[in-house]
Amino acid sequence: MTVTQVSDKVSVKDIEEYRGQLLDWYDQHERHVPWRIPAGETPDPYSVWLSEIMCQQTTVQAVIPYYTKFLEIWPKVEDLAAAKQEDVMAQWAGLGYYARARNLHKCAQVVANDLDGQFPDTQEQLKELPGIGDYTSAAIAAIAFGREAVVVDGNVERVLARFYAVEEALPKAKTTLKVLAAGFYNGLGAEAGHLAQAFMDLGANVCIPKAPRCMLCPISDGCEARKLNRQTDFPVKGAKKARPQRYGQVFFIKNSKGELLFHRRDEKGLLGGMLGLPSTDWGTKKQIAAPDFIDVDKPLKLKAHHVFTHFDLELELVGASVDESYVTEGYFWSDPYNEQDNLPTAFKKALKLYLNS
DNA sequence: TGTCCACGTCT
DNA sequence: AAGACGTGGAC
């Protein structure tokens with residue numbers, strides 16, 4: 001889009017000045033994270049991609065140990081492509097949004113097998129790959145390939161919603177914020193990646209959601225929200241809805257070797273493709289049928305609680321048994337101490353309660 | 001405590 | 001196009 005004037009509040013000339021101040025601030029204050037390489041070196045697209053997928057909806061601090069581990073185990077995209085999916089899921093366990101791990105693996109296979117191991121170098125082509133959408137395609141294009149992409153994540157939105165005192169509520173304001181962001185990125189060329197990272201570091205450390213540290217902000221002079229002393233009024237959000245309560249039972253079934261029965265979950269839906277324990281479905285009623293090859297024994301008087309994005313879960317621990325000679329598709333016996341770190345958090349909590357009881 | 005972050009991608 | 005999809009830490 002051509003941008004001559006994006007706001008009646010700030011001129012194009014002023015925008016250039018403010019973004020200069022932001023880039024200067026970034027030179028001094030950038031966060032040191034393992035995927036940021038020293039100035040002058042060429043970034044490895046595989047590392048940039050891996051870090052950006054992990055950082056979706058996830059704080060940098062949570063990402064760092066996972067990022068390091070993944071690169072240790074799978075240093076090249078070809079290594080990740082050749083991995084077994086269950087190994088990728090096991091390494092991702094605890095990081096959440098498991099569709100990211102399934103798509104990560106698929107994407108690695110496309111790049112390794114169909115694209116000669118090279119990530120595409122334009123935003124448009126990147127966006128065609130599994131797990132790469134508007135934000136991530138822009139981020140990789142800018143950071144790994146020096147493209148002038150308009151990188152807009154939640155941090156950029158918060159900074160700009162405040163800078164321009166955008167009264168329109170999210171998610172509708174997304175279009176407006178993208179235009180405002182384009183005003184900042186316009187004409188930057190290969191510096192776009194630096195501006196993106198500057199915005200994100202500013203959003204993470206200074207223009208934080210609550211109690212923003214405006215005294216430390218390099219562009220506070222131009223911030224409309226600050227002029228109004230209404231920083232935390234922006235970005236304006238739509239009303240949020242209540243989280244429903246759901247219930248389920250999780251079954252602890254031992255064999256003669258003292259191993260527990262585990263379950264590889266279906267590829268689709270909640271915790272798709274992840275390791276789990278045998279369980280009922282999770283619903284709004286307390287009584288839900290167990291898988292029919294399981295003989296329910298007795299409640300263990302233990303309950304695990306877990307919060308998902310869209311519901312709260314109460315998981316009752318129940319002892320059970322099966323005919324050891326008949327274990328159906330997707331179920332297998334294993335040492336719980338070998339598997340606990342491969343479980344998503346809801347099951348890990350339940351297993352921990354069981355092992356400590 | 002409970003609320004928020006957290007647009008990010010896919011369907 | 002609105003809802004599904006995790007987690008942990010800050011306050």
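Bear in mind the structure is a predicted one, so any value in this text is a computation, not a measurement.
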Original post:
Nearest-Å distance, CG (A/Leu104) to P (B/dT9)?
Top reply: 14 Å

Original post:
Heavy atoms under 4.0 Å, any strand shown: does A/Val307 hit a base, just sugar-phosphate, or nothing?
Top reply: base

Original post:
Taking the side chain of A/Glu157 as its heavy atoms from C-beta onward, which of B/dT9, B/dC7, C/dC5 lies nearest to it?
Top reply: B/dC7

Original post:
Across the strands shown, which category fits A/Leu170 at heavy-atom distances under 4.0 angstrom: base, sugar-phosphate, nothing?
Top reply: nothing

Original post:
Does C/dT7 have a Watson-Crick or wobble partner in any strand here, with both distances under 3.5 angstrom, and which is it?
Top reply: none

**OP:** Could you check whether A/Tyr135 gets within reach of a base, just the sugar-phosphate, or nothing at all, counting any heavy atom under 4.0 Å?
**Re:** sugar-phosphate

Original post:
Between C/dC5, B/dT9, C/dG8, which nucleotide has the shortest distance from any of its atoms to the side chain of A/Thr345?
Top reply: C/dG8

Subject >> B/dA6 - base-pair partner by Watson-Crick or wobble geometry, distances under 3.5 Å >> reply: none

Original post:
Does a nitrogen or oxygen in the side chain of A/His306 sit under 4.0 Å from OP1 or OP2 of C/dG6?
Top reply: no

Subject >> Non-neighbouring partners of A/Arg264 that pass salt bridge (charged side-chain N to carboxylate O under 4.0 Å, His left out), sequence neighbours left out >> reply: none

Between the protein and nucleotides 2-5 of chain B, are there any N/O to N/O pairs under 3.5 Å, and if so, what are the atom names and distances?
unit_1 : atom_1 : unit_2   : atom_2 : d
B/dC4  : OP1    : A/Lys240 : NZ     : 2.3
B/dC4  : OP2    : A/Lys240 : NZ     : 3.4
B/dC5  : OP1    : A/Lys237 : NZ     : 2.2
B/dC5  : OP2    : A/Lys237 : NZ     : 2.8
B/dC5  : O3'    : A/Arg158 : NH1    : 3.4

Original post:
How many Å lie between CD1 on A/Ile53 and P on B/dC10, as a whole number?
Top reply: 8 Å

**OP:** Check every strand shown and say whether A/Gly272 touches a base, only sugar-phosphate, or nothing at a heavy-atom separation below 4.0 Å.
**Re:** nothing

**OP:** Nearest whole angstrom, please: distance from the P of C/dT7 to the NZ of A/Lys349.
**Re:** 8 Å

Original post:
Side chains of A/Asn205 and A/Arg31: does their closest heavy-atom pair fall under 4.5 Å?
Top reply: yes

Original post:
So do A/Met200 and A/Asp153 actually touch side chain to side chain, heavy atoms under 4.5 Å?
Top reply: yes

Original post:
Do A/Thr58 and A/Arg100 have a side chain donor and acceptor closer than 3.5 Å?
Top reply: yes

Original post:
Within less than 4.0 Å of OP1 or OP2 of C/dA4, is there a side-chain N or O belonging to A/His310?
Top reply: no

Original post:
Does the side chain of A/Asn113 pick up a donor-acceptor pair with the side chain of A/Gln109 at under 3.5 Å?
Top reply: no

Original post:
When you look at A/Lys348 and A/Asp341, which way does the salt bridge (charged side-chain N to carboxylate O under 4.0 Å, His left out) test go after all the steps?
Top reply: CA-CA 7 Å; A/Lys348 189 175 179 174; A/Asp341 288 339; 3.2 Å; yes

Original post:
What integer distance in Å separates A/Leu270:CG from C/dG6:C1'?
Top reply: 9 Å

Original post:
So, is A/Tyr97 close to the C/dA4 phosphate, meaning a side-chain N or O under 4.0 Å from OP1 or OP2?
Top reply: no

Subject >> Atom-pair distance (NZ on A/Lys348; P on C/dT7), nearest Å >> reply: 10 Å

Original post:
So what does A/Ile208 touch, heavy atoms closer than 4.0 Å: a base, only the sugar-phosphate, or nothing?
Top reply: nothing

Subject >> d(NZ, A/Lys174; C1', C/dA2) in whole Å >> reply: 15 Å

Original post:
Taking the same atom, C1', in B/dC7 and in C/dA1, what whole-Å distance lies between them?
Top reply: 14 Å

Original post:
For residues 166-214 of chain A, which residue pairs qualify under ring-ring contact (aromatic ring centres under 6.0 Å, His included), counting only residues two or more places apart or in two chains?
Top reply: A/Phe163-A/Phe184, A/Phe184-A/Phe199

Original post:
Once you round it to whole Å, what is the distance between P of B/dC7 and CG of A/Leu177?
Top reply: 12 Å

Original post:
For the side chain of A/Thr136, counting heavy atoms from C-beta on, which of C/dA4, B/dT9, B/dC7 is nearest?
Top reply: B/dT9

Original post:
Is there side-chain contact between A/Trp49 and A/Trp35, with heavy atoms separated by less than 4.5 Å?
Top reply: no

**OP:** In whole angstrom, give the distance that lies between atom CZ of A/Arg100 and atom P of C/dG6.
**Re:** 9 Å

Original post:
Using the P atom in both, what is the distance from B/dA6 to C/dC11, to the nearest Å?
Top reply: 14 Å

